[in-house]
Amino acid sequence: MKKLIIIFSVLSLLIFIRPVLGLGANNEVMETTAVSNTQVQTPDEENVLDGAFKGIKTFYNYTGFANATSGHIIMIIVGIIFIYLGIKYDYEPLLLIPIGIGVIIGNIPFVAGNQTGIYETGSVLNYLYFGVVKGVYPPLIFLGIGAMTDFSSLIANPKLMLLGGAAQIGVFATFLGALYLGFNLPEAGAIGIIGGADGPTAIFLSSKLANGINVLADGTTVKNLIGPIAIAAYSYMALVPVIQPPLMRLLISKEDRKIKMKPPRAVTQKEKMIFPVVALILTLFISPSALPLLGMLFFGNLLKESGRTERLAETARTKLIDIVTILLGVTVGASTQADIFITKDSMLIFGLGAISFVIATCGGLLFAKFMNLFLKDGNKINPLIGAAGVSAVPDSARVVHTEGLKSDPSNYLLMHAMAPNVSGVIGSAIAAGIILSFLG
Amino acid sequence: MKKLIIIFSVLSLLIFIRPVLGLGANNEVMETTAVSNTQVQTPDEENVLDGAFKGIKTFYNYTGFANATSGHIIMIIVGIIFIYLGIKYDYEPLLLIPIGIGVIIGNIPFVAGNQTGIYETGSVLNYLYFGVVKGVYPPLIFLGIGAMTDFSSLIANPKLMLLGGAAQIGVFATFLGALYLGFNLPEAGAIGIIGGADGPTAIFLSSKLANGINVLADGTTVKNLIGPIAIAAYSYMALVPVIQPPLMRLLISKEDRKIKMKPPRAVTQKEKMIFPVVALILTLFISPSALPLLGMLFFGNLLKESGRTERLAETARTKLIDIVTILLGVTVGASTQADIFITKDSMLIFGLGAISFVIATCGGLLFAKFMNLFLKDGNKINPLIGAAGVSAVPDSARVVHTEGLKSDPSNYLLMHAMAPNVSGVIGSAIAAGIILSFLG
Amino acid sequence: MKKLIIIFSVLSLLIFIRPVLGLGANNEVMETTAVSNTQVQTPDEENVLDGAFKGIKTFYNYTGFANATSGHIIMIIVGIIFIYLGIKYDYEPLLLIPIGIGVIIGNIPFVAGNQTGIYETGSVLNYLYFGVVKGVYPPLIFLGIGAMTDFSSLIANPKLMLLGGAAQIGVFATFLGALYLGFNLPEAGAIGIIGGADGPTAIFLSSKLANGINVLADGTTVKNLIGPIAIAAYSYMALVPVIQPPLMRLLISKEDRKIKMKPPRAVTQKEKMIFPVVALILTLFISPSALPLLGMLFFGNLLKESGRTERLAETARTKLIDIVTILLGVTVGASTQADIFITKDSMLIFGLGAISFVIATCGGLLFAKFMNLFLKDGNKINPLIGAAGVSAVPDSARVVHTEGLKSDPSNYLLMHAMAPNVSGVIGSAIAAGIILSFLG
Amino acid sequence: MTQILLNTDPISEGYVILITGLLIVFGALVILALFFNFGLPVLLYVYKIITKGKDKKISEIKVKGDTGFTGEISAVIGASVHMYLSEQHDHESAILTIKQVKKTYSPWSSKIYGIQNRL
Amino acid sequence: MTQILLNTDPISEGYVILITGLLIVFGALVILALFFNFGLPVLLYVYKIITKGKDKKISEIKVKGDTGFTGEISAVIGASVHMYLSEQHDHESAILTIKQVKKTYSPWSSKIYGIQNRL
Amino acid sequence: MTQILLNTDPISEGYVILITGLLIVFGALVILALFFNFGLPVLLYVYKIITKGKDKKISEIKVKGDTGFTGEISAVIGASVHMYLSEQHDHESAILTIKQVKKTYSPWSSKIYGIQNRL
Ligand code: NA
Ligand code: NA
Ligand code: NA
């Protein structure tokens, strides 16, 4: 054994250190005499050595150092900031960290042609990005959401659903704003959905309307805005705890903030089972284009509530949603390749996104105050929960809860805020369906 | 901060409530004078308002209410019934509930062209349906099955395998029946496999033979029968506890039902490890076209029995099979889109399906009685276990067990019924391979 | 009920046993008189019976028995040996068992045309093989690896990284050897990476360079060497405990083997969080083509270390990596279809693979001795850990540990060996990137 | 890809969609709200009459579902969504476990490996 | 897609396939049965002779596999498939655990994270 | 697919790639090593100064991270990689648990179902 190995290694090392020993390579190849060999040798020697320098020079042109642009650097820093926010301040870490690292990955400077970049056909990232471009990931995430969401607060107090509707003002106002800024109709529709405060819905709609593929009646091709829209949606969702509180204090009076609401009634298991089925049929009959989103959402919820399919629900809300979240996060992040991402449009979209969240929140809050005009004392709702209508589940609900506690430490609003919160999800999915029907 | 937000929201609200304030939209766009503005204004106002009504009218044509047909309603009710059976009577909930909700999702009336329906290229459902159409899901499910099935009862008592063969009479008889009813050969082959009482096998074979793509020698294209066949197979599998008992009482005498069988011998771990490898080679050498099914089945079983790959086996029989079951169930369900599903063919297929289960059960029972003629006392088998040969693991085995207990409360048949039960699975996979070789 | 079933079964049985009763089939079809019927009958009878024999004859040509070649038998035996090694000696069971069963599955003889084989478009195996051909599986595995690898030993003692570099000599020497043996440049590059002792990297690079698709400048198409390269890489990785110890004893003196190393310093959580981000940026700026591999590796590691995304890390290192491992193993195994796999090239590749592991190990060991020349006493490293630089995590590290204990039972080298071990992974990924840039 | 151009001017069309959209979203949620306010109770009542108490299985769950689970209590107890949900969840699965301890799963029949039902 | 038309008349061809198919399915299962009745014992005996008792590892498992696991017992104990399977399963993994507690897994080598082997 | 032919003769080119490749691989690892030897400490020091002790959360983890976890100890305790890693892992998640017990997760916000964070 040892013997064998010695021979092995010696032999192979010989081959390897040949140039040092100065034996011609090509003489084994093209039988030449020892003489011509030595003649060939010296040039060959240099050949190899300065070849090495040439090689390094050549290779340098492939490195990121040779191809880096200010855009790449900026985006990489942005990615690092995302990660930092996720880790340090715990803003949506499960999204900001994958997206952040994705932004870095997507902005490593490379030379096109080796199937490296996310926009190069045949690259691995491109295959994984497929699920975003074709809108496949969002419904799978909605499946998991459905399997982890409890709709009882909504069933117990259906009128709170309207708050989820009011917040959709954000969607349509942003849509209008985008039109004013010169985006064409489908692009504006996709941008508007940022106001839905709902990442998967935003990705789904933009993949259908602003995918860089569709051609309009007037022959112009829509821009690919999936990246900016997704990043905007997720960023502002992460910032809900920063955006909403000031608006609440601004629009809701101290007394109103103190309003205590009646505990929601208990909900039977049977109601919970019927809810997803009925909601699915009703909402989709009204807005069929929302089918992939709402269909999967209520499917997941039925798996959870049926009491017979717990193992499927468990898988849907853990491993399945985790896998999809990982792939979605990193590819959405990587889609922010500097040369494609850093454009005036992206900046406009971020501006509109901020406005849309503000409008949505205000819409929810004001509509809550408006509803109170028609409710007799004792039944009045605490207007704060209107802010939860933007969805961004369950952050905005928690923000409401915290604000409520600030004005009255014994006032637990979380349960009540969950109703508008989840109806906000349904609302923006319906809105997405409507926009898709009109502009798809 | 506050300031900023106030300006933000005020500005944006302004934009939003413009029509109420009566400021022209298009005058910002096409610089007109204040005069022309007010002139333009009023029509524009109406324009927008009655435009809204027009809009709602237009949108109404997209809603399910506008497009619903009796077919849609019927199928939605069917879906609800599936879910009800799954939840209330616990018939195969892990299959009936996903399929049921899928049936509902697939029968939401929509206007074609927005990539909504499962048969529209580019729709999410269509991408998920891919795994059914290409027969990718069934082998993955077989992988999980293999990783959760214990073949020891079969190893301990190999002669019981024949019962699994006898039940395949159901497959070929149904095949023949379908020919009589005018289906062409490939279609008939796909329909026949319903008699295998084995969902994944049925989907796999029909995706290869009756997929609406293949063209026959005489130029006719085969019909796409995947949906009806899958639904029929799963429905009757769910109804095994209803279908089999009467046939048992009909064909097996009271005394026979009382027969007690010798306990199976213990099986060594080494035998369990060898079984999947040998069974894989033997069965696939005989029926190579069954490779995707049997290959994965025995692969999964080896992962389970090797004792070195427990973590892979665990994943295969839990999360992986769950994910595939979710996707398979909902897409198979959704493939029952009324306009495509409600046809005379589907009705015929359901009829044949019922017959096939009856024949398969009878075949198993009668063959068991037949075997007893050659077995000396003490070695005789209880003919009831013949019914387990239809597979439908492990329901039919449990049905046998229950029937056995009815005639003799001390007669535990489950262990013995598992042997024909699992061999029924192997049998119908082999049968599928044979049919595929002949008609593929 | 009973009644119904009796009629059912009787009817259907009638249909089934028709030939026995001697009723003509085709007379129902083509209205003939009872007379012509009986005339038609007898021939028809024979027709069916000797038809059956014809049928069996025809079918026999589809069976493996009819199509088996010596190649198939050899490969099936190889597959069984893989499984045996995995189970009996616990060599990499999680890889050898799936690959082994895959080898068997891939070498079941079949008649082309029924979408059975892994190389037939439309077959299930072909769809699963996609992830190998397109290099999608390897990055997903690297994601899981990152989520389960602890880089602290590397952070604590960065100079040990160089050992991971030294071992890459194996990669380039093998590359050169392949050139000598007449492989063209891309093929040689893919073969060279076997020396990286890193399955996923080998699959990734060969899927890009030696995929049977690319066309060279001189018009020749590269060979598809993914199968042989992957099998070689995994086989020798499994044999690391056999290959390395003799070389260690051969090259490292008794005293050197006794060297005790200072315990690595403790590493803070913050360093662990920063490592993946910085390492990702640095390594990919230098070798951008390694992006899919190193990007995912460090992404997974950040998920692990961030402390905020444990659920994603957990999924990545358990269920996700398990699923990919199952699919990768079985398809890589199945890709060894005899007619395509058993070639002179494969044999050469196995030879080169063996050499490459030897060279890599020697390179690591010798470089470790070389480093000691520059380290003052007390800081000296134990040259044995150089062998861990080949990666093959964590086997080679464990081998080092065992060898260390043999010469001094109180000398725990594992911790120290992990540093070169993981840096070996990074090193060979970088090398892959370089080769891809030059030859891609 | 069909596109309805109600107006030549995208801005006006924008307003149309804005108003239409809001009305429809509200409409949808109102209908949903109405159903769960009035439709559902009726429906459940009818169902109860039809099955007149035969309906064991689920009613159990129902009863269980009620006791010790008024919104107030959970609102106080579960000061976090998770707490609320997970408690709810254990609560259910506790019942399910009892019911399904004999259950098992397989893609042919959902009855092998019931334990994993709680995986 | 190849199609053999043994007969011009599909019905007759149907009967051919029916008879052929049944014979082959039976044939396959008979061969399988015969192998496990006669082939396997021989094979195991040969293997035992070859490895003449060196064969520790697996034989352990074997022994373990036998004790306390005759079909009758499990048939009575495990009145449900699940019970039977899961017990069986714990049974094995118990052994595996002892054997593999030091095992770990990685796609290069299957030896990191052995604990997760029982995940 | 771009291919640089520095030499007409593949063998010589092979040597070029061999030398170039080795130099670059080493270069990369050297840079990495240097950064973690000198760059990182500086970086952390700067960060510390900037956040001057505000930086609670992570420093906790840090401290925790240090105590009872010198390489030597783990090298002895964890005689297998797994032991080492998993201990490390429990170690962290213990802290995380305390920190995140109120956390919950959803793809909109990562805060529903924190418990499953340890799934
Ligand atoms: Na929303
Ligand atoms: Na069957
Ligand atoms: Na390596």
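Proteins come first, then strands; the chains are lettered A, B, ... in the order of their sequence lines, and each starts at number 1.
Atom CD in Gln115(C) sits 8.5 Å away from atom OG in Ser207(B) (nearest 0.5 Å). Rounding to the nearest 0.5 Å places CG of Leu94(C) at 5.0 Å from CG of Leu312(B). For the atom pair OG (Ser437(B)) and CG (Asn61(C)), the distance works out to 11.0 Å, reported to the nearest 0.5 Å.
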Kindly indicate, with the supporting measurements, whether the criterion side chain to side chain contact (heavy atoms under 4.5 Å, CB included) is fulfilled by Ile80(C) and Ile281(B). CA-CA 11 Å; Ile80(C) 292 172; Ile281(B) 296 172; 4.2 Å; yes
Could you walk me through whether Phe110(C) and Ser289(B) satisfy the side chain to side chain contact (heavy atoms under 4.5 Å, CB included) test, starting with their C-alpha distance in whole Å, then the side-chain angles of each, then the deciding distance to 0.1 Å, before giving a yes or no? CA-CA 7 Å; Phe110(C) 61 90; Ser289(B) 305; over 6 Å; no
Run the numbers on Leu128(C) and Met296(B) for side chain to side chain contact (heavy atoms under 4.5 Å, CB included), then give the verdict. CA-CA 12 Å; Leu128(C) 301 179; Met296(B) 285 301 199; 3.7 Å; yes
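Proximity of Lys319(B) to Asp322(C): side-chain heavy atoms (C-beta onward) are nowhere separated by under 4.5 Å. Side-chain contact between Ile105(C) and Phe298(B) is absent, with no heavy-atom pair separated by less than 4.5 Å. Considering only heavy atoms from C-beta on, Phe285(B) stays 4.5 Å or farther from Thr63(C) through its side chain. Within the 4.5 Å cutoff, no side-chain heavy atoms of Val124(C) are placed close to those of Leu291(B).
Only the side chain of Ala68(C) comes within less than 4.5 Å of a heavy atom of chain B; its backbone N, CA, C and O stay farther away. In this structure, the portion of Phe130(B) lying under 4.5 Å from any heavy atom of chain C is its side chain and not its backbone. When heavy atoms are compared at a cutoff of 4.5 Å, Leu302(B) approaches chain C solely by way of its side chain, counted from C-beta outward. There is no contact between Leu251(B) and chain C, counting heavy-atom distances below 4.5 Å.
Of the listed residues (Ile323(C), Leu327(C), Ile326(C)), just one forms a side chain to side chain contact (heavy atoms under 4.5 Å, CB included) with Leu140(B), and that residue is Leu327(C).
Not one N or O on the side chain of Arg308(B) forms a donor-acceptor pair closer than 3.5 Å with the backbone of Pro93(C).
For chain B, the option among Gly86(C), Gly117(C), Pro98(C) with the highest count of heavy-atom pairs below 4.5 Å is Pro98(C).
Each side chain to side chain donor-acceptor pair (under 3.5 Å) pair with one or both residues in residues 277-288 of chain B, not counting sequence neighbours, would appear here, but there are none. Among residues at least two apart or in separate chains, there is no side chain to side chain donor-acceptor pair (under 3.5 Å) pair with a member in residues 127-137 of chain B.
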